[in-house]
Amino acid sequence: MDSPLALRKEVLVQPDGFEIAEKAEDYHKISQATAEAMGRPLKEVLEDFMRDVLRVCENGGRVLAHHMEFDATIVKNELK
């Protein structure tokens with residue numbers, strides 16, 4: 001099991017009501033078919049993510065992201 005202060009996950013989200021743009025697929029190398037087949041529902045992903053954030057913060061850790069302002073805005077909007 002990961003340390004509560006060192007946790008890294010990568011998860012695909014199933015597209016729900018949108019298509020992955022060709023430009024995004026070219027950049028990220030994730031197709032619509034792959035995301036549909038291997039992705040998880042957004043609600044489930046967000047619940048896991050928030051549980052992980054809480055556990056890390058409760059243990060004195062911090063959340064790190066490459067573009068935190070962008071990522072935080074996306075997460076906040078999706079949680080609404």
Q: Hey, could you give me the OG/CG distance between Ser31 and Asp26, rounded to the nearest 0.5 Å?
A: 11.0 Å

Q: To the closest 0.5 Å, what do you measure between CG (Asp48) and NZ (Lys43)?
A: 10.5 Å

Q: Do Val63 and Met68 have side chains that approach each other closer than 4.5 Å (heavy atoms only, starting at C-beta)?
A: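 Sidechains of Met68 and Val63: in contact.
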
Q: Whether the side chain of Gln14 engages the backbone of Arg40 through a donor-acceptor N/O pair (distance < 3.5 Å, no angle test) should be reported.
A: no

Q: Look at the side-chain heavy atoms of Ile, Leu, Val, Met, Phe, Trp and Tyr, link any pair under 4.5 Å apart, and say whether Val45 and Ile74 land in one connected group.
A: no

Q: Please answer: with hydrophobic residues joined when any side-chain heavy atoms are less than 4.5 Å apart, are Val13 and Val53 in the same cluster?
A: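 Yes.
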
Q: Would you indicate whether Phe18, at its atom CZ, is surrounded by more than 12 heavy atoms from other residues, nucleotides or ligands within a distance under 6.0 Å?
A: yes

Q: According to a hydrophobic-cluster definition based on side-chain heavy atoms being under 4.5 Å apart (Ile, Leu, Val, Met, Phe, Trp, Tyr only), do Leu42 and Phe49 belong together?
A: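 Yes, because Leu42 and Phe49 connect within a single hydrophobic cluster, where side-chain heavy atoms sit under 4.5 Å apart.
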
Q: In terms of hydrophobic clusters joined by side-chain contacts under 4.5 Å, are Met38 and Leu46 together?
A: no

Q: Can you run down the side-chain hydrogen bond (donor to acceptor under 3.5 Å, both in side chains) pairs that involve residues 71-80, sequence neighbours left out, and say none if there aren't any?
A: none

Q: Do Lys29 and Thr34 come close enough that some side-chain heavy atom pair is under 4.5 Å?
A: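 SC-SC contact between Lys29 and Thr34 ruled out.
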
Q: So, Glu47 and Arg51, do they make that salt bridge, N to O below 4.0 Å?
A: no

Q: Is a donor on one side and an acceptor on the other found under 3.5 Å between the side chain of Gln32 and the backbone of Ile20?
A: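 Present.
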
Q: Can you tell me if Leu54 has over 12 outside heavy atoms packed within less than 6.0 Å of its CG?
A: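 It does: Leu54 CG has more than 12 such atoms within range.
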
